[in-house]
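Below is one structure, written out as structure tokens; the observations come after it.
For the numbers below, each heavy atom of this structure counts, side chains included, while hydrogens, waters and symmetry mates do not. For clarity, every value in this text was computed on a predicted model and none was experimentally measured.
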Amino acid sequence: MKQQATPILTSLLDTDAYKLHMQQAVFHRYRNTTVVAEFRCRSEDLLGEYADEIRQQISLIRDLALTEDEYQYLASLPFFQQDYLNWLKTFRFNPAQVQVSNEKGRLKVRITGLWYEAILWEVPLLAVISETIHRHRTPDIGSEQAISHLKEKLTRFRQDYADTDLSQFRISDFGTRRRYSKAVQQDIVALLQQEFSPYMAGTSNYDLARRLNLSPIGTQAHEWFQAFQQISPVLANSQRAALQGWLDEYPDLLGIALTDCITMDAFLRDFAIQFASQYEGLRHDSGDPFEWGEKAIAHYQNLGIDPLTKMLVFSDNLNLDKALALYKRFHTRIKLVFGIGTRLTCDIPNVSPLNIVIKLIQCNGKPVAKLSDSPGKTICQDKAFVKALHKAFNLPLVKRDS
């Protein structure tokens, strides 16, 4: 008789905050919208041998449900409305929405369903894939090695930057999707909370935020802007529609806008005074972060907005040293937060982190795209739609990965 697998995930809240924030908005406004999302591994392809084990973990995710304590915790926050939370108590993952296969050694994962349901699959799936593969590849490594390495990094950090004014330096854990394991992430975040105060601003993981009494951090992801490429009647207006749609749901909260779904330049053309005034700040996720930061500050100045009243969140492939370099450039000019993911929760000697993502490829049966400020992060399967997007947003046609 086949032994029942031990579930990797044990809490519905073991996900990134932006998934619940987006889900509430979709629940209220786009409940009939359908989506398709697919898995990509940017670092390697031959992960298909783990398909059966991943599929088994997916079958266990159907048992996750919001507990009463978790419900009360979410209800205590200013972000959520009661109708959504009451529905979330009844929500169960539907494994039939996820197809997993091994195609000539490559791991294929495809998610199909109503957006307000399917939206929650991304982070748990990536966490399961990452932990499953690391269990096999480095079974003797775990929290002890991760904590030891982090302590070394923190000691070196304090020595190297002892003479630097760090009074405004803040980091957040953004590491759920590509963590080595659930246990490693928890231990890393707990250590940072204990030994890296006051620099630890929070975590994107709602389960850890609740249990460790940390601030949950996150607003929206690329899929919010991608979906509006088909929700908006006019493609050229889609980004503005996405920005306004978010404000309709969260007029005074969660005001950090992601800028790189259709490149920073295209974003700033749409981020006029109305949006720039209402949004608290911007998040960087691709392209040169120094160039991006200069563009953001210049944009606020050109609009007559004091950049010191706004915030920049950097979240692209950061480590402590990269965060410090950005901090030194910008901290006297604008508020800052640094979201560090893989370099916290999967930074262990002799471990190779997986560069894995799940991104939308369709909305309402039609293509959507992420063009990004880094060509290697571009995702779209429909070349004609990519051309239409370039034309709509007046972007130069350059060769991009797809």
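- Using cut-offs of 30° and 60° for the angle between ring planes, the Tyr73 and Tyr206 rings count as perpendicular.
- With Trp224 as reference, Val26 is the one residue of Ile119, Val26, Leu360, Thr219 to meet the side-chain contact (heavy atoms from CB on, under 4.5 Å) rule.
- Arg62 places a side-chain N or O within 3.5 Å of a backbone atom of Ser59 that can act as its donor or acceptor partner.
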Using the rule given for ring-ring contact (aromatic ring centres under 6.0 Å, His included), can you reason through Phe91 versus Phe27, listing the C-alpha separation, both sets of side-chain angles and the distance that settles it, and then say yes or no? CA-CA 12 Å; Phe91 173 80; Phe27 173 81; over 10 Å; no
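- Evaluation of the ring-ring contact (aromatic ring centres under 6.0 Å, His included) test over residues 43-69, restricted to residues two or more places apart or in two chains, returns Tyr50-His136.
- Ring planes of His331 and Tyr327: parallel class, angle under 30° (limits at 30 and 60°).
- Note that CZ of Arg170 is 12.0 Å distant from CE of Met200, once rounded to the nearest 0.5 Å.
- Of the charged side-chain nitrogens involved, at least one lies within less than 4.0 Å of a carboxylate oxygen, so that Glu294 and Arg333 count as a salt-bridged pair.
- Side chain of Gln229 to backbone of Ser238: no donor-acceptor contact under 3.5 angstrom is found.
- When all heavy atoms of Leu166 and Tyr199 are compared, the closest pair comes out as O-CE2, 3.4 Å.
- Taking CZ from Arg179 and CG from Leu126, the interatomic distance works out to 10.5 Å, rounded to the nearest 0.5 Å.
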Applying side chain to side chain contact (heavy atoms under 4.5 Å, CB included), run through Thr112 and Gln362 and close with a yes or a no. CA-CA 9 Å; Thr112 306; Gln362 290 181 20; over 6 Å; no
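- Across Ala257 and Phe267, no two heavy atoms sit closer than the pair CB-CZ, 3.9 Å.
- The side-chain heavy atoms of Lys19 and Glu223, taken from C-beta on, include a pair separated by under 4.5 Å.
- Side-chain rings of Phe228 and Tyr30 approach one another, their centers coming within less than 6.0 Å.
- Between the side chain of Lys108 and the main chain of Ala51, no donor-acceptor pair closer than 3.5 Å is present.
- Residues Arg343 and Ile340 share a closest heavy-atom pair of CB-CG2, 4.0 Å.
- Distance NZ/Lys335 to OG1/Thr309: 6.5 Å, rounded to 0.5 Å.
- At least one donor-acceptor pair closer than 3.5 Å links the side chain of His299 to the backbone N or O of Phe271.
- With salt bridges taken as basic N to acidic carboxylate O contacts below 4.0 Å, one links Lys295 and Asp265.
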Please step through side chain to side chain contact (heavy atoms under 4.5 Å, CB included) for the pair Phe385 and Lys366, ending with a clear verdict. CA-CA 9 Å; Phe385 183 72; Lys366 298 176 181 179; over 6 Å; no
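- Judged by distance alone, the side chain of Gln145 and the main-chain N or O of Gly142 form a donor-acceptor pair under 3.5 Å.
- There is no side-chain donor-acceptor pair under 3.5 Å between Glu53 and Gln57.
- Using cut-offs of 30° and 60° on the angle between ring planes, the pair Trp87 and Tyr116 is tilted.
- Residues Ile256 and Ile217 fail the side-chain proximity criterion, which asks for heavy atoms closer than 4.5 Å.
- Between the side chains of His284 and Asp373, no donor-acceptor pair is found at a separation under 3.5 Å.
- Annotation for Asp270 and Ala236: closest pair OD2-O, 4.5 Å, computed over non-hydrogen atoms.
- Looking at Val98, Ile358, Thr15 one by one, the single match for side-chain contact (heavy atoms from CB on, under 4.5 Å) with Trp121 turns out to be Val98.
- For the atom pair CZ (Phe225) and CG (Leu243), the distance works out to 4.5 Å, reported to the nearest 0.5 Å.
- Between the Arg269 side chain and the Phe393 main chain, a donor and an acceptor come within less than 3.5 Å of each other.
- Between Lys359 and Arg40, every side-chain heavy-atom pair lies at or beyond the 4.5 Å cut-off.
- Contact of the Leu120 side chain with the Phe93 side chain is registered, since non-hydrogen atoms from C-beta on lie closer than 4.5 Å.
- Here the side chains of Pro289 and Phe330 are not in contact, with every heavy-atom distance at 4.5 Å or above.
- Taking the six-membered ring for Trp and thresholds of 30 and 60 degrees, Trp246 and Tyr250 have ring planes inclined between 30 and 60 degrees apart.
- Side-chain contact check for Asp52 and Gln56: no donor-acceptor pair (N or O, by modelled atom type) lies under 3.5 Å.
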Lys370 and Asp285: CA distance, side-chain angles, deciding distance, salt bridge (charged side-chain N to carboxylate O under 4.0 Å, His left out) verdict: CA-CA 12 Å; Lys370 171 179 176 275; Asp285 200 49; 5.4 Å; no
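- Here the two rings, on Phe314 and Trp292, have centers that are under 6.0 Å apart.
- At a threshold of 4.5 Å between non-hydrogen side-chain atoms, the residues Arg177 and Asn205 do not count as touching.
- Put simply, the side chain of Tyr180 gets close to the backbone of Ile141: a donor and an acceptor are under 3.5 Å apart.
- Contact detail for Leu77 and Pro216: the closest heavy-atom pair is CD1-CG, 4.4 Å.
- Within the model, atoms CD1 of Ile356 and CD1 of Ile133 stand 6.5 Å from one another, a figure rounded to the nearest 0.5 Å.
- His149 contributes no side-chain N or O that, together with a main-chain N or O of Pro349, makes up a donor-acceptor pair within less than 3.5 Å.
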Show your working on salt bridge (charged side-chain N to carboxylate O under 4.0 Å, His left out) between Lys89 and Glu68 and close with a plain yes or no. CA-CA 8 Å; Lys89 284 184 75 171; Glu68 182 60 27; 3.0 Å; yes
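- Heavy-atom minimum distance, Ser215 versus Ala209: C-CB, 4.4 Å.
- Separating the CD atom in Glu117 from the OG1 atom in Thr34 is a distance of 11.5 Å, to the nearest 0.5 Å.
- For the pair Gln193 (side chain) and Leu212 (backbone), a donor-acceptor distance under 3.5 Å is present.
- Tyr161 and Asp321 share a donor-acceptor pair across their side chains, judged by distance under 3.5 Å alone.
- Using a 4.5 Å cut-off on side-chain heavy atoms (C-beta onward), Leu150 and Leu192 make contact.
- Inter-residue side-chain proximity for Val36 and Arg110 is flagged as met; some heavy-atom pair is nearer than 4.5 Å.
- Of the candidates Ile334, Leu312, Val313, Leu312 is the only one forming a side-chain contact (heavy atoms from CB on, under 4.5 Å) with Leu282.
- A donor and an acceptor atom, one from each side chain of Gln230 and Asn364, are nowhere located under 3.5 Å apart.
- Residues in residues 130-145 take part in these salt bridge (charged side-chain N to carboxylate O under 4.0 Å, His left out) pairs, two or more places apart or across chains: Glu44-Arg137, Glu131-Arg135.
- The side-chain hydrogen bond (donor to acceptor under 3.5 Å, both in side chains) test with Gln185 is passed by exactly one of Asp14, Asp173, Thr203: Asp173.
- With hydrogens and angles disregarded, a donor-acceptor distance shorter than 3.5 Å links the side chain of Arg55 to the backbone of Val100.
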